[in-house]
Number of protein chains: 2
Amino acid sequence: MAFENYTIKDIAKALNLSTSTVSRALRDSYEISTDTKRMVLEYAAKINYRANPIARSLKEKKSYSIGVIVTEIANNFFSQVIDGIESVAYSKNYQVVISQMRESSVRERSNVEYLYSRSTDGLLIALSSETTDLSYLEQLMNKGFPIVFFDRVPNDLACHKVIADNRQGGFDAIQYLVRKGKRKIAHLTGTKKLSITMERLEGYKMGLEANGLPYLPELVKHCEYGGLHQDEIEQAVTELLQEEYDAIFISGDKLSMGYLQAMKARPGADLTKIDVTGFTNSKVVNLFSPPITAVRQPAFEMGEKAAELLIQQIESKHLIEEFETIVFPTTLIEQSVSD
Amino acid sequence: MAFENYTIKDIAKALNLSTSTVSRALRDSYEISTDTKRMVLEYAAKINYRANPIARSLKEKKSYSIGVIVTEIANNFFSQVIDGIESVAYSKNYQVVISQMRESSVRERSNVEYLYSRSTDGLLIALSSETTDLSYLEQLMNKGFPIVFFDRVPNDLACHKVIADNRQGGFDAIQYLVRKGKRKIAHLTGTKKLSITMERLEGYKMGLEANGLPYLPELVKHCEYGGLHQDEIEQAVTELLQEEYDAIFISGDKLSMGYLQAMKARPGADLTKIDVTGFTNSKVVNLFSPPITAVRQPAFEMGEKAAELLIQQIESKHLIEEFETIVFPTTLIEQSVSD
DNA sequence: CTGAAAGCGCTAACAG
DNA sequence: CTGTTAGCGCTTTCAG
């Protein structure tokens, strides 16, 4: 009996009221007498009435769902962001609809359009490695469709953005390595199309400069798909091993893990000599061997914040004029050398 | 925050047709002339018409979305399962709506009810550690609401189930440890309420018996919340350290990682002596120190299969009579001792 | 305070 | 082949 699909009509009939009265009573309208309200509410509770949200959506042009687009779900950083998003959405009674674009701008676009046409009320998105043309997103935003970007954000679009302090994170990484006596620090990163790549690269350069170290382009390797395919990383490592370097700063979760794997698989490589510091949100970096010093982003909190901004924008009566860019600090997590 | 969108009415008006004709043309109905169809399709494409799925849902009582309920998203196993689910859903044009219950049966239920009332077309669920009363799920299923269980499945409900061969996985783990010369093998696992706990425990017992080893209850520790909170694990480890054991078999991702963390944090514990074999879907187990031998489930494939079964059930005209239980093999991944 | 009626955008009898 | 009509379940004027 718990799950019959009653409608407002059933309640109206049973109580000898009109559907509008019932609707209003349910929504606690001021124009309904307390007696009627109580009656309706009681009966509704008794039959375990649940409003049909589809009908409500159609009427209100609002679906209480938000779309999320990420590279892939099975990724430390993204899954933690989604955790944060879901937490906020749950507390505000929104559903979270997820899709993956696997670094393809085509899939990104088809997902955006699908989510838009399926009347999600807004979108949270981290751009794909391939994306250069943002005009379709801009058009949607101009139509009033709320979009909040996180992690990988557009440069010159007026919108809410939630990011980590990538520049500082990169800078800290270099400072740390230099303090450990490293002088030739390589950099493994993603495509230049992404904001995170450029910001972390800047941090890297700033770090070098602050320590009077030269910037050597041959020590910087870009993986166009952010290490989504291990081949990219193998290729980069092969190239790097022809250079001389005593430490490496890596600009992403997938890349960091992939680099360690690649090195582990090369019998020749001496893992103890080349220090690794990399962006990663793995919760078990301290268990790794060879060790890796992690640059950690507050992924959960970033997800929370992004969801809050989005829902706030969705529920705002007027068009947002002032867009915010929220920057979260990163944390450097050094692996204890207990063993 | 509304924005203009074309409707079937706009097309009808522009083309001097009735809405029903347009609707039928759009759906490629046999009763519409090819000429009219072409005209409608062309115009629709020109104005970039997108059908309002909410309206369609209301009419058809079908939303082309499926709900997924897991403990948490930021988990190796679950995120990989969701990856598989999303892949299949994407290819069949279904949306994936995600929610987390964090081992709470209350949250599980509220999520189920919410997803149901929001007219998702079906549900994929791995039960919470607390859940004992399945009657509300049974009621939904009796009403014809499609639910496919994966990983943590009910014992005696007629439904599709997708699981790993947990018994065999446990058995293999013990065989492996015994072959390495271990004789006192502990077991760290979750609550007895869960199918996976009982099956893996059985595998453990079978393994012991097959090797003429005694089953010692004091070597088996249950964490009621599957290690969701690290305290549980600390507690179990503290208890275990008072026993004598030379190896341990661990029954879940969270527990495996948590155990390694707990041990690492205890200066006294000699990590090299106690071999660890555990269920985990981490893709970097081979980088761990202390090493862990992984019992790996084909999580992605399990997600794919579960989604396929669900969508098949959703789209089937008649009630399913024969339910399937799909069992996937596990793989034992030994860490190479290269360093 | 309550009810009648219109309509959100779409589909599907039922008539032509 | 195409149009008319009647809803899906809910909200919301507009009248009483």
Side-chain angles (χ1 to χ4, degrees), chain A residues 3-41 43-44 47-65 93 116-121 144, chain B residues 1-41 43-44 47-65 93 114 116-121 144 317:
Chain A
F3 270 108
E4 278 320 309
N5 287 322
Y6 293 103
T7 75
I8 223 169
K9 230 164 157 178
D10 299 315
I11 303 183
K13 206 173 295 170
L15 265 36
N16 240 317
L17 291 168
S18 75
T19 57
S20 37
T21 303
V22 174
S23 170
R24 276 185 279 240
L26 255 16
R27 327 202 80 222
D28 198 31
S29 159
Y30 65 96
E31 17 182 28
I32 302 294
S33 73
T34 32
D35 271 7
T36 312
K37 270 187 198 166
R38 200 170 29 69
M39 200 168 78
V40 170
L41 259 17
Y43 186 74
I47 65 172
N48 194 25
Y49 166 81
R50 319 223 144 217
N52 180 330
I54 297 278
R56 175 120 81 106
S57 289
L58 179 59
K59 187 74 194 167
E60 296 185 343
K61 301 186 178 315
K62 184 162 182 343
S63 67
Y64 287 93
S65 69
N93 271 282
Y116 172 72
S117 80
R118 298 284 307 232
S119 3
T120 44
D121 297 334
Chain B
M1 291 246 93
F3 36 87
E4 227 49 58
N5 257 331
Y6 293 102
T7 75
I8 223 169
K9 230 167 162 177
D10 299 315
I11 303 183
K13 209 173 294 169
L15 264 37
N16 240 315
L17 291 168
S18 76
T19 57
S20 40
T21 303
V22 174
S23 170
R24 278 185 276 239
L26 255 14
R27 325 202 79 222
D28 198 31
S29 159
Y30 65 96
E31 14 179 32
I32 302 294
S33 74
T34 32
D35 272 5
T36 312
K37 271 186 198 166
R38 201 171 25 74
M39 199 167 79
V40 171
L41 259 15
Y43 186 74
I47 63 172
N48 195 25
Y49 166 81
R50 318 226 142 216
N52 180 330
I54 298 278
R56 174 122 83 105
S57 289
L58 180 58
K59 186 72 194 175
E60 296 186 339
K61 300 185 176 320
K62 182 160 184 346
S63 66
Y64 286 94
S65 69
N93 270 282
Y114 193 57
Y116 173 73
S117 82
R118 299 283 307 229
S119 2
T120 44
D121 297 334
K317 298 285 177 288

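Within every chain, numbering begins at 1; the chains are lettered A, B, ... in the order of the sequence lines, protein sequences first and strands thereafter.
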**Student:** Do B:Tyr114 and A:Asn93 come close enough that some side-chain heavy atom pair is under 4.5 Å?
**Tutor:**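 In contact.
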**Student:** Roughly what angle, to 10°, lies between the helix axis at the start of the helix from C:dC1-D:dG16 to C:dG16-D:dC1 and the one at its end, five pairs per end?
**Tutor:**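 Rounded to the nearest 10 degrees, the bend comes out at 50°.
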**Student:** Taking the side chain as every heavy atom from C-beta outward, state whether B:Thr7 and B:Asn52 have any atom pair closer than 4.5 Å.
**Tutor:** no
**Student:** Between protein and nucleotides 7-16 of chain C, map the contacts as a letter string: B base, S sugar-phosphate only, - none, heavy atoms under 4.0 Å, written 5' to 3'.
**Tutor:** BBBBBBBB--
**Student:** Roughly how far, to the nearest 0.5 Å, is the OG atom of B:Ser23 from the CD1 atom of B:Ile32?
**Tutor:** 9.0 Å
**Student:** Got A:Tyr6 and A:Asn48 here, is their nearest side-chain heavy-atom distance under 4.5 Å?
**Tutor:**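 SC-SC contact between A:Tyr6 and A:Asn48 ruled out.
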**Student:** Going 5' to 3' along DNA chain D, between which two nucleotides do contacts with chain B fall, using a heavy-atom cut-off of 4.0 Å?
**Tutor:**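 Range of nucleotides touched by chain B: D:dC1 to D:dG9.
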**Student:** Could you grab the distance from atom CG of A:Asp28 to atom OG1 of A:Thr34, nearest 0.5 Å is fine?
**Tutor:** 10.5 Å
**Student:** With the side chain counted from C-beta on, respond yes when B:Val22 and B:Thr19 share a heavy-atom pair under 4.5 Å apart, and no when they do not.
**Tutor:** no
**Student:** Mind running salt bridge (charged side-chain N to carboxylate O under 4.0 Å, His left out) on A:Asp35 and A:Arg38 for me, showing each step along the way?
**Tutor:** CA-CA 5 Å; A:Asp35 271 7; A:Arg38 200 170 29 69; 3.4 Å; yes
**Student:** Atom NZ of A:Lys59 and atom CG of B:Leu58: how far apart are they, to the nearest 0.5 Å?
**Tutor:** 11.5 Å
**Student:** Checking all strands, does B:Ser57 fall into the base, sugar-phosphate, or nothing category for heavy-atom contacts under 4.0 angstrom?
**Tutor:** nothing
**Student:** Counting C-beta onward and ignoring hydrogens, is there a side-chain heavy-atom pair between B:Thr21 and B:Val40 closer than 4.5 Å?
**Tutor:**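 A side-chain contact under 4.5 Å is absent here.
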**Student:** Between atom CZ of A:Arg24 and atom NZ of A:Lys37, what is the distance when rounded to the nearest 0.5 Å?
**Tutor:** 11.5 Å
